[in-house]
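Worksheet: the structure to be examined is printed underneath.
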Amino acid sequence: MKEINQLALVDTIAMDQDDNRNFHFYFQVLNPPSIEARGSGPSRAAVYTYEVSAPAIGLITKKTEAVMSRKLYTSHMQVYVLSERSARNGVLSFVNLLENDPERRTNVYTIVTEEPVSTVMNSFTVLDRVPGRNIRLLLDWHAKNFGINKLPIRMKDIVAGIPFSRPTIIPIIQYTGERAASKADRLDDINATKENLRLVSGAVFIRAKMVGKINTEIKNLYYVFNGYAKRIDETVEVRNKRVDIEVRDIKIKRIWKTEKQLILRLNAKAGIINNEQNQRLNASNIKELEQAINSFFNEKGEDFFRFALKQNWDLLGIGDTRQGRKNWKEIKVQFDTHSKVTSLGNTITPYE
């Protein structure tokens, strides 16, 4: 049994790979005294980041012995961070490294960064002083906005998706500053968005290798049409006026009309968040709103499938079915949405 002062409590691990295929790893290690007693003692930093490099991934742990005075302890990991270039090279070697040691974990959130890994791993975050915890809570909140507890964005989800036609979508995170916020005095700046991390889009993984990116809209539709998301906020137009809606209790059902024709049925309830219409909100108007919601998701679904065909990415997982195996692009997909407005929210006039 190791004493706590003999362990380097790793919160976040990042991997990068340069053009010469050398591996660069970043270990963000907790500083318990700073976390437990804020402002006391000479150190204010909640974490410290160590960087080590090696030509082979299996040598990384050994390399840490030259810069760390403690043994790596990864049982309480929060998140793995992958550089875009390392993700495009594939992550199987990283997964094998993790699986070969029982103390390491693959059921940890994973993200891809467009920024240099060094910038992300050497920046303090506000609200949550530990950057790894900040990212994990951001991803938890991201999932809750879809009405679920967890999204399939762990390292093990990338591995589990290897045999399947449907890609795995991993969030892409972006750093908003011009340089790393590597000094603890960043925590005294009131502007929380100036030098911070934010979710921006999604990385498409096929057979554990990143093959491209999708924007936030496509990523959200991926979660909806594949049955992950149970709620989503959208904006539709009724008589050229905006209506912001919460779509909830989303249920997806796949109906094979023929061997070559798939109907993707979406059933959901909807509530009004904000209504910019200037006419009376009555039964007829609510019916128009429901029709607008149905048309919105049907059209978005058609655009989503056209995008999948163009990119040659089976974003609906049709190739994982008996009918679509090896010929998913030949399947005709029809989107059929049925919505019912059940709460009026912010109304202009009382309901008639």
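Keep in mind that what you see is a predicted model, and the values were worked out from it rather than measured.
For the side-chain contact (heavy atoms from CB on, under 4.5 Å) test, residues two or more places apart in sequence or in another chain that qualify with V159 are V95, I162. Not a single ring-ring contact (aromatic ring centres under 6.0 Å, His included) links H338 to another residue, sequence neighbours left out.
Y223 and F146 have perpendicular rings, their planes meeting at more than 60° on a 0 to 90° scale where under 30° would count as parallel.
R231 places a side-chain N or O within 3.5 Å of a backbone atom of N145 that can act as its donor or acceptor partner. Without hydrogens or angle criteria, D11 side chain to G132 main chain gives a donor-acceptor distance under 3.5 Å. A donor-acceptor contact shorter than 3.5 Å links the side chain of D18 to the backbone of R21. A donor-acceptor pair is defined here as one N or O able to donate and one able to accept, closer than 3.5 Å; such a pair exists between the side chain of T49 and the backbone of M121. Proximity of a side-chain donor or acceptor of D314 to a complementary backbone N or O of G319 within less than 3.5 Å is detected. Proximity of a side-chain donor or acceptor of S339 to a complementary backbone N or O of K269 within less than 3.5 Å is not detected. Without hydrogens or angle criteria, D320 side chain to R166 main chain gives a donor-acceptor distance under 3.5 Å. Counting only distance, with no hydrogens or angles, the side chain of T216 and the backbone of V200 share a donor-acceptor pair below 3.5 Å.
F25 pairs in a ring-ring contact (aromatic ring centres under 6.0 Å, His included) with only one of the listed residues (Y80, F94, Y50), which is F94. With respect to V341, the side-chain contact (heavy atoms from CB on, under 4.5 Å) criterion is satisfied by exactly one of N285, L289, V243: L289.
Remark: L92 CG to K209 NZ distance equals 9.0 Å, nearest 0.5 Å.
Scanning all heavy atoms of the two residues, the minimum distance from S53 to H24 falls at OG-ND1, 2.6 Å. The two residues P55 and N22 have their closest heavy-atom pair at CA-OD1, 3.4 Å.
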### Audit row: F307, I214, side-chain contact (heavy atoms from CB on, under 4.5 Å) steps and yes/no
CA-CA 10 Å; F307 173 81; I214 54 176; 3.7 Å; yes
### Task
Just do the salt bridge (Lys or Arg N to Asp or Glu O under 4.0 Å) check on R136 and D140 with the steps written out, would you?
CA-CA 6 Å; R136 180 180 63 78; D140 280 342; 3.2 Å; yes
### Message
Checking D233 against V247 for the side-chain contact (heavy atoms from CB on, under 4.5 Å) test, could you report, in this order, the C-alpha distance in whole Å, the side-chain angles of both residues, the deciding distance, and whether it holds?
### Response
CA-CA 6 Å; D233 295 338; V247 182; over 6 Å; no
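Side chains of R133 and T12: a donor-acceptor N/O pair is absent below 3.5 angstrom, by distance only. Side-chain N/O atoms of S86 and S83 include a donor and acceptor closer than 3.5 Å.
When the shell of 6.0 Å around NZ of K332 is examined, it contains 12 or fewer heavy atoms from other residues, nucleotides or ligands. The 12-atom threshold is not exceeded at NZ of K287, counting heavy atoms of other residues, nucleotides or ligands nearer than 6.0 Å. The number of heavy-atom neighbours closer than 6.0 Å to CG of N107, taken from other residues, nucleotides and ligands shown, is above 12. In the displayed structure, R85 atom CZ is contacted under 6.0 Å by more than 12 heavy atoms of other residues, nucleotides or ligands.
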